[in-house]
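Atoms within each ligand, like the ligands themselves, are counted from 1 in listed order. Nothing fancy with the numbering, it's 1 onward along the sequence.
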Amino acid sequence: MRFFKKSLSKYSTISTSRKISQAVPDIRIYEVGPRDGLQNESKFVPTPIKVELIHKLSEAGIKDIECASFVSPKWVKQMSDGSEVMKTIKRVPGVNYPVLIPNLKGYETAKQCNIEEIAIFPAGSEGFSQKNLNCSVEEGLKRFKLVADQAIKDGMRVRGYVSCVVGCPYDGPINPKGIAKITEELFTMGCYEVSLGDTIGVGTAGSVKKLMNEVIKVTTPDKIALHFHDTYGQGLSNLLAGLEFGIKTVDSSVSGLGGCPYARGASGNLATEDLVYFLYGLGVNTNIDLVKLIEAGRYISNFLAKPTESKVNRAIGDRFKNHKDIIKIASCTL
Ligand SMILES: CC(C)(COP(=O)([O-])OP(=O)([O-])OC[C@H]1O[C@@H](n2cnc3c(N)ncnc32)[C@H](O)[C@@H]1OP(=O)([O-])[O-])[C@@H](O)C(=O)NCCC(=O)NCCSC(=O)C[C@@](C)(O)CC(=O)[O-]
């Protein structure tokens with residue numbers, strides 16, 4: 001209880017559901033469902049479904065939606081319609097629609113699609129770099145520097161990812177010092193933020209603390225985002241460990257979709273519905289409408305004909321039609 005009160009005062013300036021409608025969110029949620037969420041799906045999701053999912057996410061109030069990747073279609077066929085997706089979506093002012101870019105070829109294609117932000121994604125381990133990018137970590141960093149240089153010259157924002165920050169399906173446990181070094185290199189390239197990805201979801205609050213202790217030697221916590229896959233059910237406790245360091249941005253995927261075709265054991269991301277409920281419970285503002293978010297999760301899960309991975313989505317069911325009523329449960333005021 002003491003910890004909970006400390007958390008509230010530390011992460012948020014608000015503490016009641018009445019105040020939650022205020023404008024500025026305390027934690028920025030970076031939604032990866034349309035990209036990380038769908039890239040591992042074996043059944044091809046048609047472009048109009050991807051576009052509708054993106055629209056539903058922005059209607060729910062999400063301001064950062066990673067929409068597509070411009071990787072080789074030979075490697076990830078699911079993402080082969082990135083150009084169509086980006087050319088079709090109706091952009092809402094104030095919403096950021098970044099895309100994932102592996103090399104200059106992908107960048108040149110993306111550039112034709114009215115892109116303002118890209119994400120580059122070196123691996124934190126040699127084994128995963130070879131499997132995911134077909135090159136060493138060092139070679140990957142050189143390629144991504146070329147992409148970042150060009151994008152910055154073109155006036156774009158560049159976000160960096162480091163994947164397998166805790167464990168790698170090929171190399172095992174990962175030394176946090178190496179992750180801090182790659183993070184530093186990404187900032188040197190001009191990234192405005194670096195997202196640390198626990199790609200296979202093996203992290204725990206303990207390993208996240210060790211990682212953060214190294215990473216904050218090279219940057220400040222407000223420039224770090226955390227990206228948890230929830231394979232072992234540790235996503236929210238890992239996040240709490242990150243919030244203790246002053247993290248302000250969290251990646252998540254609606255309905256808990258997600259995974260990487262080149263990381264054995266990578267399951268879905270932390271579900272956005274669970275994250276939003278958790279944050280409202282802490283009194284942290286997100287400005288996201290949970291009813292609409294749950295609807296977006298159902299929309300894509302129904303299309304994929306699979307149950308949602310979000311526990312909040314399952315628990316809420318059809319019982320509540322009003323966002324404020326769900327917030328009351330999260331805040332224990334029902
Ligand atoms: C990097 C490469 C391309 C190297 O792959 P490669 O096979 O070494 O590349 P290449 O240059 O030899 O090209 C092979 C073929 O692909 C084409 N090609 C090459 N590039 C592109 C492109 N951009 N767009 C379209 N086509 C492309 C190229 O033109 C050629 O076509 P061909 O001449 O044989 O007809 C490949 O390994 C690749 O695409 N990898 C990406 C795999 C991927 O998307 N994985 C999932 C990302 S998720 C992740 O990494 C983790 C993250 C970020 O989510 C964080 C977390 O969860 O923790």
Side-chain angles (χ1 to χ4, degrees), residues 30-41 66-84 86 98-113 115 118-125 127-137 139-144 146-147 150-151 158-170 174 179 182-183 186 191 193-203 208 211 224-231 235 238 249-253 256-270:
Y30 182 100
E31 169 67 42
V32 295
R35 194 277 302 169
D36 203 358
L38 295 182
Q39 71 185 8
N40 206 28
E41 290 298 328
E66 198 170 275
C67 294
S69 69
F70 287 79
V71 300
S72 169
K74 292 190 170 154
W75 284 64
V76 185
K77 188 155 187 316
Q78 183 64 257
M79 293 285 108
S80 59
D81 58 348
S83 294
E84 289 77 14
M86 297 315 289
V99 297
L100 195 78
I101 302 289
N103 53 19
L104 277 173
K105 186 176 171 78
Y107 175 73
E108 289 305 328
T109 312
K111 212 173 119 175
Q112 312 305 317
C113 307
I115 304 293
I118 64 158
I120 55 178
F121 56 108
S125 67
F128 185 59
S129 189
Q130 291 293 349
K131 298 276 184 194
N132 197 44
L133 297 165
N134 206 18
C135 65
S136 65
V137 172
E139 180 56 30
L141 285 165
K142 279 189 200 148
R143 281 188 206 166
F144 285 123
L146 296 176
V147 176
Q150 189 55 51
V158 181
R159 182 183 215 237
Y161 279 103
V162 189
S163 47
C164 290
V165 293
V166 181
C168 168
Y170 311 103
I174 300 298
I179 301 301
I182 298 172
T183 302
L186 286 168
C191 290
E193 170 176 272
V194 172
S195 171
L196 303 175
D198 179 12
T199 313
I200 54 171
V202 288
V208 168
L211 174 65
I224 291 295
L226 292 176
H227 178 113
F228 296 117
H229 287 258
D230 211 15
T231 322
N238 289 348
T249 300
V250 188
D251 299 359
S252 61
S253 173
L257 294 171
C260 174
Y262 297 102
R264 203 180 50 230
S267 73
N269 290 71
L270 173 61

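- For the side chain to side chain contact (heavy atoms under 4.5 Å, CB included) with His227, the qualifying choice from Asp198, Val32, Thr199 is Val32, the only one to do so.
- The Phe70 neighbourhood of ligand 1 comprises atoms 22 (C), 23 (N), 24 (N), with distances under 4.0 Å to a heavy atom of that residue.
- Taking atom 24 (N) of ligand 1 as the reference point, the nearest protein heavy-atom neighbour is Val71 O, 3.5 Å.
- Residue, atom and distance of the protein heavy atom nearest to atom 49 (C) of ligand 1 are Asn132 ND2, 3.8 Å.
- Among all heavy-atom pairs drawn from Gly258 and Asn40, the shortest one is O-ND2, 4.2 Å.
- Annotation for ligand 1: atoms under 4.0 Å from non-hydrogen atoms of Pro102 are 1 (C), 23 (N).
- At the top of the distance list for atom 8 (O) of ligand 1, counting protein heavy atoms only, stands Asn134 ND2, 2.8 Å.
- Across the listed options Pro261, Gly124, Ser253, Ser163, Ser163 owns the non-hydrogen atom lying nearest to atom 51 (C) of ligand 1.
- The protein non-hydrogen atom at the shortest distance from atom 16 (O) of ligand 1 is Ser72 OG, 3.0 Å.
- In terms of protein heavy-atom proximity, atom 7 (O) of ligand 1 is closest to Trp75 NE1, 3.1 Å.
- Taking a distance limit of 4.0 Å, we find that atom 35 (O) of ligand 1 is approached by some protein heavy atom.
- Under 4.0 angstrom from ligand 1, the non-hydrogen atoms of His229 all belong to its side chain.
- For atom 28 (C) of ligand 1, the closest non-hydrogen atom of the protein is Lys105 CE, 4.1 Å.
- Of the heavy atoms in Thr199, both backbone and side-chain atoms come closer than 4.0 Å to ligand 1.
- Counting atoms of ligand 1 from 1 in the listed order, those under 4.0 Å from a heavy atom of Gly197 are 58 (O).
- To the nearest 0.5 Å, atoms CG (Leu38) and CE (Met79) are separated by 5.5 Å.
- Residue contact check: Cys260 has heavy atoms under 4.0 Å from atoms 46 (C) of ligand 1.
- Atoms of ligand 1 lying under 4.0 Å from any heavy atom of Phe121, numbered from 1 in the order shown and given with element: 47 (C), 50 (O), 53 (C).
- Near Pro73, with a cut-off below 4.0 Å to any heavy atom, the atoms of ligand 1 are 25 (C), 26 (N).
- When heavy-atom distances to ligand 1 are checked against a 4.0 Å cut-off, Arg35 comes that close only through its side chain, counted from C-beta outward.
- Minimum interatomic distance between Ala119 and Tyr30 (heavy atoms only, all atoms of both residues): CB-OH, 4.5 Å.
- Residues meeting the side chain to side chain contact (heavy atoms under 4.5 Å, CB included) test with Ser136, sequence neighbours left out: Glu126, Gln130, Glu138, Glu139.
- Near Leu133, meaning under 4.0 Å from any of its heavy atoms, are these atoms of ligand 1: 1 (C), 4 (C), 37 (O).
- When all heavy atoms of Cys168 and Ser125 are compared, the closest pair comes out as SG-OG, 3.0 Å.
- Of all the atoms in ligand 1, the ones that sit under 4.0 Å from a non-hydrogen atom of Asn103 are 3 (C), 19 (C), 20 (N), 21 (C), 22 (C), 23 (N).
- Protein heavy atom nearest atom 33 (O) of ligand 1, with residue, atom name and distance: Lys74 NZ, 4.5 Å.
- Cation-pi check for Arg35 over Phe121 is not met; the charged atom does not lie both under 6.0 angstrom from the ring centroid and within 45 degrees of its normal.
- Closest protein heavy atom to atom 47 (C) of ligand 1: Gln39 OE1, 3.7 Å.
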